[in-house]
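First the structure, in the form of structure tokens, and then the observations on it.
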Amino acid sequence: MNYIDWIILFTTLLLIVIYGTWKSRGSVNIEGYLLGNKSLPWWNVCLSIMATQASAVTFLSTPGQAYEDGMRFLQFYFGLPLAMVILSITAVPLYHRLKVYTAYEYLETRFDLKTRSLAAFFFLMLRGLSVGITIYAPSLVLSTILDWNINITTLFIGTLVMIYTVSGGTKAVSMTQKYQLTIIMGGMIIAGMTAFYKLPDNITFTEAFTMAGEMGKLNLINLSFDLSDRYNIWSGLIGGLFLFLSYFGADQSQVGRYLGGKSVAESRLGLIFNGLLKVPMQFVILYIGILVFVFYQFHQAPVFHNQSLKDKAMETSYAREITDLESTYDKVFEKKQAEARNLIGAIRKEDSESIEKSRKSMSEIQEKEKAIRSQVKEKIAAAIPGANTLDKDYVFITFVMTYLPHGLIGLLLAVVFSAAMASTSSELNSLASTSAVDIYKRSIRPSEDDYHYVKASKWFTAGWAVFGMLFASLANQAENLIQYVNIIGSLFYGTILGIFLSAFYLTYIKSNAVFIAALLAEAVILYCYFFTKVAFLLYNIIGCVVVVVVGFAIQFVINRQLKKAS
Amino acid sequence: MSIEKEEKPPVFPRWSAWYWLLMIVLAIQIVIYLFITTSF
């Protein structure tokens with residue numbers, strides 16, 4: 001980083017905050033603060049939805065995912081377009097017609113207050129904890145790269161977001177997200193193009209593509225039927241469908257985005273375009289990781305991408321061993337580079353025998369590299385007990401810091417910060433909406449004026465921001481906390497989806513039945529988590545199915561008892 | 001009164017055309033990705 005990078009980074013962030021605060025000034029009623037006066041056109045709805053879903057982790061670790069494991073992660077998103085169709089038909093017109101502020105408000109019209117409160121409570125739990133991780137995960141990587149204190153980084157991101165989200169509510173969130181997403185996609189594409197243009201020997205796009213394919217990275221589609229493996233087409237279509245129905249239909253952080261649409265048509269189009277653009281967008285981000293992978297066949301990749309952690313290990317008695325392993329890694333790289341050139345030569349000549357020979361050599365070299373990297377990770381883990389030796393999240397950012405020109409480094413860092421801020425602002429806004437409308441206004445202080453609820457919403461936004469920052473600093477102390485928070489999402493989404501599916505489609509099930517079924521579904525999920533090895537992706541389906549089936553059964557019993565009584 | 005009567009979709013006469021477009025685009029993408037997987 002030099003002064004140009006710092007200027008670009010801080011100017012971009014400052015402009016976002018100032019723009020968000022200035023553009024959204026003047027929200028004096030609750031509809032303005034929480035729904036932006038329902039003034040958003042479809043393209044802003046679409047950008048807002050995409051920016052909310054794509055957190056900083058998407059841009060930090062997705063290229064790294066492709067680098068290590070190929071592109072099969074793309075299949076995870078195949079259920080999303082299907083979910084967009086279903087929600088456009090059902091949820092959007094229903095929410096608009098009922099003029100709700102939150103998804104859970106609808107549940108009271110359909111069922112009763114206790115079901116609404118239960119769903120709102122589940123949401124506040126899962127989203128409240130995840131907002132801490134949305135701040136923490138990028139803070140961790142950025143603090144490592146920039147050599148900042150992690151708590152200061154967390155405070156920096158959290159405070160910036162809090163300023164414009166508290167001030168302008170949902171309008172500030174949506175206004176800033178369109179620029180944040182533009183910066184993000186622009187920056188990512190520039191990084192990908194840099195990786196491509198730095199390839200030697202005038203390697204063309206097709207040759208780079210073919211090389212990645214020969215090395216097994218273009219593993220986009222897996223047709224095998226295994227619902228416990230999230231990286232195949234069926235898990236993506238079926239498991240993904242349930243996950244995205246729940247996320248976009250019942251999670252206020254997304255519902256709040258399209259409720260701000262000018263009309264049903266604008267909200268629907270926003271969702272539809274999200275369905276059209278999301279999968280290609282993920283393809284582009286994954287492919288940028290592939291370009292970085294191809295780049296590192298011709299340039300020496302770090303033996304361990306988290307340079308800061310490696311530097312710390314080099315200050316211990318393990319320094320010599322790590323250095324020896326690095327020397328071996330360098331020698332292996334020389335062979336890899338030579339073989340990579342052979343492979344490109346064979347691809348150009350379309351000599352399938354030579355391609356196959358080179359491919360086998362490259363695979364063997366890759367295995368050797370993997371083995372050396374494993375040993376380095378072991379040494380680092382021994383040198384620094386408790387250190388996280390997974391460095392996939394650092395692959396892309398290390399490439400950016402090392403190979404991009406000054407100016408673009410600042411821009412790419414602005415990308416990461418922007419992504420973190422975009423998701424966090426949505427989450428804070430949704431937490432404030434649910435706290436203010438579903439809990440505070442509905443059950444605690446129901447008879448105040450609009451100005452009071454706007455003020456309360458601002459306090460809730462600030463409160464959740466502070467909670468998120470505190471949680472992020474706690475997460476720093478206990479790495480496993482992150483795992484638990486990711487698990488919490490899986491534990492609740494299925495049940496929430498089951499409640500909403502019953503609400504939308506299954507008029508037979510009434511309030512008491514769905515409430516008891518939801519509690520039982522949670523019990524089943526918790527049992528699966530603690531006592532079985534069922535894959536997380538299935539929790540959504542299990543929770544949803546249990547709510548529906550048990551809801552039907554309980555309603556049947558209730559109806560019979562009512563019939564007998566009458 | 002149904003939403004479709006109140007709000008016409010842009011470009012197409014019915015909302016179902018947009019939904020079909022979404023499904024067709026997804027199907028085309030899956031075919032393209034399958035081609036990439038098997039050919040490269």
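Chain identifiers are assigned alphabetically (A, B, ...) following the order of the sequence lines, protein sequences preceding nucleic acid strands; residue numbering begins at 1 within each chain.
Of the atoms belonging to B:Leu26, it is side-chain heavy atoms, and not backbone ones, that fall under 4.5 Å from chain A. Interface remark: A:Phe78 contributes backbone and side-chain atoms alike to the contact with chain B (heavy atom separation under 4.5 Å). Contact of A:Ile89 with chain B is made through backbone and side chain together, with heavy-atom distances under 4.5 Å.
Counted by atom type alone, A:Gln254 and A:Tyr258 present zero donor-acceptor pairs between their side chains at under 3.5 Å. For the residue pair A:Ser267 and A:His96, a side-chain donor N or O sits within less than 3.5 Å of a side-chain acceptor on the partner.
Contacts with chain B (heavy atom to heavy atom, under 4.5 Å) involve no residue of residues 343-355 of chain A.
Using cut-offs of 30° and 60° for the angle between ring planes, the A:Phe504 and A:Phe500 rings count as tilted.
The environment of B:Phe12 atom CZ is dense: over 12 non-hydrogen atoms of other residues, nucleotides or ligands sit within 6.0 angstrom. Annotation: A:Lys357, atom NZ; neighbour count of heavy atoms from other residues, nucleotides and ligands within 6.0 Å does not exceed 12.
By number of non-hydrogen pairs under 4.5 angstrom with chain A, the leading residue of B:Thr38, B:Val25, B:Ile36 is B:Ile36. Looking only at heavy-atom pairs under 4.5 Å with chain B, the residue among A:Leu223, A:Asn219, A:Leu276, A:Ile233 that has the most is A:Leu276. In terms of non-hydrogen atom pairs under 4.5 Å with chain B, the most contact-rich of A:Gly70, A:Pro81, A:Gly275 is A:Pro81.
For the pair A:Gln75 (side chain) and A:Tyr231 (backbone), a donor-acceptor distance under 3.5 Å is present.
The distance between the ring centers of A:Tyr287 and A:Phe205 falls below 6.0 angstrom.
A:Asn342 has its side chain out of reach of A:Met362: every pair of non-hydrogen atoms, C-beta onward, lies at least 4.5 Å apart.
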